[in-house]
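In what follows, a single structure is set out as structure tokens and then discussed.
For ligands, and for the atoms within them, numbers begin at 1 and follow the listed sequence.
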Amino acid sequence: RKLVGKLTTGCTEFNEMLGGGVETQSITELYGEFGSGKTQVAHQLAVNVQLPKEKGGLNGSVIMIDTENTFRPERIAQMVDGLSQKHGEDYDPEEFLKHIHVARAYNSNHQILLSDSASELANELKNTERPVRLFIVDSLTAHFRAEYVGRGTLADRQQKLNKHLHDLQRLGDLFNAAVIVTNQVMSKPDAFFGDPTKPIGGHILGHTATFRLYLRKSKGDKRIVRLVDSPNLPDGESIIAVTTEGLQD
Ligand code: ADP
Ligand code: MG
């Protein structure tokens, strides 16, 4: 078993809440309502993971499965510029974009197929100077929710999602990479997900995602991130800001 790596979020409190940062060899679930900042956090981690270790990165590259067409190269460029300012460096956004391998998933089966292709690409990059250290699936659940509607299909959906998650966990283990998945939930309890703030026994991701982070909007550009039911860390909350330059304290 390889030593677990920690990936900086770029935010002091957020990192501390996570015991240093987002861990490799684990799945971290970002969940919250539309607009709560899940995709922003995913973009920021896709940038940060490329930083050298002394800057909190893992010197790695990224594979992102984009199911809602929300990946924005321009947003990555803004965040890289933000980091250049913060670190007093002259990072090249194009360099960062080169190491983010984005695949668009058109339906849930395609999404599952893409995680197999992700394994192949990660294998190719394994012994290069840019191994894959981060897998992102944004959104994990959107296609599944749209395609499997009605009670009769629930078991099937759960089984497919569970297998998909296990595949992702395996990628994390195999490549010593962090795995980020996003999951949009409703503000009110909903038939499938229940109360988003209190994962119940039947919660589909509750048992598989090692770190569950509940995001919600606060004043202005502020977001509250709550760590829920971690096996080895105390529950806690931290406040981050989503700014033009990226995530900040
Ligand atoms: P979701 O949880 O639905 O994925 P997003 O991560 O897409 O939500 O968050 C969208 C929010 O992020 C916007 O409402 C805005 O507050 C913020 N945001 C997005 N892009 C920028 C930007 N370039 N500069 C500042 N804030 C931004
Ligand atoms: Mg999103």
Side-chain angles (χ1 to χ4, degrees), residues 7-11 14 18 22 27-49 62-86 91 93 96-97 100 102-108 110-111 114 134-147 161 164 168 178-188 190 192-193 195-197 199 204-205 209 211-228 237-249:
L7 165 57
T8 186
T9 64
C11 306
F14 193 1
L18 293 171
V22 173
I27 297 179
T28 300
E29 175 194 356
L30 304 171
Y31 72 110
E33 286 178 57
F34 176 77
S36 59
K38 303 178 294 294
T39 295
Q40 296 301 309
V41 174
H43 275 66
Q44 186 71 62
L45 292 171
V47 170
N48 294 356
V49 74
V62 185
I63 296 180
M64 177 181 305
I65 300 177
D66 179 14
T67 78
E68 297 183 303
N69 205 14
T70 51
F71 176 72
R72 293 288 176 276
E74 320 83 67
R75 187 63 181 124
I76 295 294
Q78 285 182 336
M79 288 174 166
V80 172
D81 290 343
L83 277 187
S84 291
Q85 282 178 36
K86 186 173 171 182
Y91 297 128
F96 280 72
L97 281 165
I100 306 175
V102 184
R104 178 90 203 277
Y106 294 97
N107 55 53
S108 66
H110 188 214
Q111 183 178 330
L114 285 175
L134 175 62
F135 295 92
I136 297 169
V137 185
D138 183 14
S139 145
L140 177 78
T141 44
H143 283 317
F144 287 90
R145 286 188 137 195
E147 292 166 30
L161 251 176
H164 185 36
L168 293 170
V179 180
I180 297 287
V181 302
T182 69
N183 180 11
Q184 188 171 306
V185 292
M186 312 298 156
S187 55
K188 294 201 190 90
D190 106 278
F192 177 47
F193 285 95
D195 181 346
T197 66
I204 197 152
L205 305 182
F211 296 94
R212 308 193 65 233
L213 297 170
Y214 177 54
L215 273 73
R216 65 187 200 275
K217 276 190 184 166
S218 184
K219 283 212 178 91
D221 59 9
K222 298 280 194 289
R223 299 289 188 278
I224 301 165
V225 191
R226 185 193 294 179
L227 176 67
V228 180
E237 282 194 344
S238 52
I239 295 174
I240 61 172
V242 179
T243 73
T244 308
E245 290 74 30
L247 300 193
Q248 297 192 337
D249 283 328

[X] side chain to [Y] main-chain N or O, any donor-acceptor pair under 3.5 Å?
| X | Y | answer |
| --- | --- | --- |
| His143 | His110 | no |
| Thr70 | Asp66 | no |
| Arg216 | Gly32 | no |
| Lys38 | Val181 | no |
| Arg75 | Thr244 | yes |

Under a 4.5 Å cut-off applied to non-hydrogen side-chain atoms, are Val22 and Asn48 in contact? no

Within less than 2.8 Å, report the number of protein N/O/S atoms around the Mg ion (ligand 2). 1

Results of side chain to side chain donor-acceptor pair (under 3.5 Å) for Ser108 - residues two or more places apart only: Glu147

Kindly tell me which protein residues have any non-hydrogen atom under 4.0 angstrom away from an atom of ligand 1, grouped by chain and ordered by number? Glu33, Phe34, Gly35, Ser36, Gly37, Lys38, Thr39, Gln40, Arg75, Gln78, Arg223, Val242, Thr243, Thr244

Considering the options Leu134, Leu45, Ile180, Val102, which one meets the side-chain contact (heavy atoms from CB on, under 4.5 Å) requirement together with Val62? Leu134

side-chain contact (heavy atoms from CB on, under 4.5 Å) involving Lys86 - partner list, sequence neighbours excluded: Leu83

